[in-house]
Amino acid sequence: MSDKSPPKTPAGDRIAKVLARAGIASRRGSEALIAAGRVTVNGKVIDSPALNVTPDDKITFDGKEIGTPDRPRMWLYNKPIGLVTSEKDEKGRETVFDALPDHMPRVISVGRLDINSEGLLLLTNDGGLKRQLELPSTGWLRKYRVRVNGRPEDKTLEPLRKGVTSEGERFQPMEVTLDRQQGANAWLTVGLREGKNREIRRAMEEVGLKVNRLIRVSYGPFRLNELKQGEVEEVKSRVLRDQLGIAEPDAAPRPKKKPPQRRGKPPTRG
C-alpha cells in the first residue's frame, strides 16, 4: 500500500468567490478583473483565479481594500432611460452606478436593462445572491409595460405566446395581453421568464410591431409600485428571509413565554 496521503485542499475560498461576496462583480466578472491585473493579494498582483484566500489575507481591488463582506442585501431601483447597466462604459456614457446616491455601498445589478429601457432593476451587494436570482431555474416571472406603434389584434400577439425565433435565436413563450389602444400606439403587458438581449424588442419586431417604450414593473415577487424614477429603496431583511431564505441580521431566538402561574384558592375566613 502507498503511504502517500491525498493532497490537502487549500484553506479558504476561491478569490473570485470572495470578490463576488464583497459585491465587486459576479464570479465570472471577478475572473476578468483578475486577468486584467486589478486585484492584489497581500500586496502582489494576481493574474489567475486559481487561488484560495482566507480572512487573514489582504485583498485590494483597484488599490482599495475590499474589507469584510457585509450581510447579503438588496435594493429596488427605478432606472431612468439613458443609463447604461454596466460598471464602466467604453463610450463614456453615464451608468446606473454613476447615478446612485452617495450613501449606497458597492453594488452589482441582477440582470440588465438596456439604455432605452426603464423601470425596476434589482441591485445587490452579494455576487452569490445575484447569481441565484439570474439562474433560469429560479423561473421568476418578469413583467413589463410595453408601448408599441400600431394597432395589434389578439391574433397578432398569438405567435409571441407560442414562442418566436429572431435571427436564429429561439425565445420562450411570453405572456402577452393587450391593455388599451392610445392613438397610434398600443399598451401591452408582457411577462417572460428569461432575459435574453433585447428579447422583447426583437420578438415584437417578428410580429411587425415596434417598441417605443419599455418599463419593467416587477421581477418575481419584487415590484416597482410607486417608486419614482431614480429612487432606490432597500428590501427589508424580513422580505429577503421570506422570499429567498436569507437569515435576518442578528436574529435572536424569541424568549420563551413563562407558563401561567396557578393561583391557589383564597384562604377561607373563619
TODO: Step by step, work out the side chain to side chain contact (heavy atoms under 4.5 Å, CB included) result for Val110 and Phe222.
DONE: CA-CA 12 Å; Val110 177; Phe222 304 105; over 6 Å; no
Open item on the list: Test side chain to side chain contact (heavy atoms under 4.5 Å, CB included) on Leu33 and Leu19; report intermediate values, then the result.
Closed with: CA-CA 10 Å; Leu33 296 176; Leu19 291 171; 5.7 Å; no
Would a hydrophobic clustering, with Ile, Leu, Val, Met, Phe, Trp and Tyr connected at side-chain separations under 4.5 Å, put [X] with [Y]?
X: Leu120; Y: Val232; value: no
X: Leu122; Y: Val96; value: no
X: Leu121; Y: Trp140; value: no
X: Val217; Y: Tyr144; value: no
X: Val176; Y: Leu192; value: yes

TODO: For Val146 and Leu209, run side chain to side chain contact (heavy atoms under 4.5 Å, CB included): C-alpha distance rounded to whole Å, both residues' side-chain angles, the deciding distance at 0.1 Å, then the answer.
DONE: CA-CA 11 Å; Val146 182; Leu209 298 172; over 6 Å; no
Are there more than 12 heavy atoms of other residues, nucleotides or ligands under 6.0 Å from atom [atom1] of [X]?
X: Asp47; atom1: CG; result: no
X: Lys210; atom1: NZ; result: no
X: Arg131; atom1: CZ; result: no

Open item on the list: Between Asp179 and Thr189, do the side chains contain a donor N or O and an acceptor N or O under 3.5 Å apart?
Closed with: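 Result is yes, a qualifying pair exists.
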Open item on the list: Looking only at the side chains, is there a donor atom on one of Ser86 and Asp89 sitting less than 3.5 Å from an acceptor on the other?
Closed with: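 Per modelled atom types, Ser86 and Asp89 side chains form no pair under 3.5 Å.
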Open item on the list: Here's a test for you: under side-chain contact (heavy atoms from CB on, under 4.5 Å), which of Leu157, Val148, Thr156 qualifies with Leu178?
Closed with: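 Only one option passes, and that is Leu157.
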TODO: Among Val239, Val235, Leu123, Asp126, find the residue that satisfies the side-chain contact (heavy atoms from CB on, under 4.5 Å) test when tested with Met74.
DONE: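 Single pass found, and it is Val235.
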Between [X] and [Y] (side chain of the first, backbone of the second, donor and acceptor by atom type, cut-off under 3.5 Å), is there such a pair?
X: Asn149; Y: Asn185; answer: no
X: Lys58; Y: Thr40; answer: no
X: Arg106; Y: Ile24; answer: no
X: Arg202; Y: Asn197; answer: yes
X: Lys196; Y: Arg170; answer: yes
X: Arg73; Y: Asn125; answer: no
X: Thr95; Y: Asp98; answer: yes
X: Arg151; Y: Gln181; answer: no
X: Asn225; Y: Leu227; answer: no
X: Gln172; Y: Glu194; answer: no

Got [X] and [Y] here, is their nearest side-chain heavy-atom distance under 4.5 Å?
X: Ile108; Y: Thr124; value: yes
X: Leu83; Y: Tyr77; value: yes
X: Val39; Y: Ile59; value: yes

TODO: For a salt bridge (charged side-chain N to carboxylate O under 4.0 Å, His left out) with Glu118, tell me which candidate from Arg147, Arg145, Arg213 qualifies.
DONE: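 With Glu118 as partner, Arg147, Arg145, Arg213 yield a single salt bridge (charged side-chain N to carboxylate O under 4.0 Å, His left out), made by Arg213.
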Smallest separation among heavy atoms of [X] and [Y], with atom names:
X: Val211; Y: Met204; answer: CG2-CG, 3.7 Å
X: Lys88; Y: Asp62; answer: NZ-OD2, 4.5 Å
X: Arg193; Y: Arg142; answer: O-NH2, 4.5 Å
X: Arg71; Y: Ser237; answer: NH1-CB, 4.4 Å
X: Pro105; Y: Trp75; answer: CG-CH2, 3.6 Å
X: Pro72; Y: Ile246; answer: CB-CD1, 4.2 Å

So, taking the atom named [atom1] in [X] and the one named [atom2] in [Y], what distance separates them when rounded to the nearest 0.5 Å?
X: Ile34; Y: Ile46; atom1: CD1; atom2: CD1; answer: 4.5 Å
X: Phe61; Y: Ile66; atom1: CZ; atom2: CD1; answer: 10.5 Å
X: Leu141; Y: Met174; atom1: CG; atom2: CE; answer: 11.5 Å
X: Asn212; Y: Arg201; atom1: CG; atom2: CZ; answer: 9.0 Å
X: Leu224; Y: Gln229; atom1: CG; atom2: CD; answer: 9.0 Å
X: Ser117; Y: Arg216; atom1: OG; atom2: CZ; answer: 8.5 Å

- [ ] Run the numbers on Tyr219 and Leu76 for side chain to side chain contact (heavy atoms under 4.5 Å, CB included), then give the verdict.
- [x] CA-CA 10 Å; Tyr219 193 115; Leu76 312 180; over 6 Å; no
Open item on the list: Restricting to ring-ring contact (aromatic ring centres under 6.0 Å, His included), what partner residues turn up for Trp187, sequence neighbours left out?
Closed with: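 By the ring-ring contact (aromatic ring centres under 6.0 Å, His included) rule, Trp187 matches no residue at all.
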TODO: Run the salt-bridge test on Arg161 and Asp154 with the 4.0 Å N-O cut-off and return the result as yes or no.
DONE: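 Judged by the 4.0 Å cut-off on N to carboxylate O distance, Arg161 and Asp154 do form a salt bridge.
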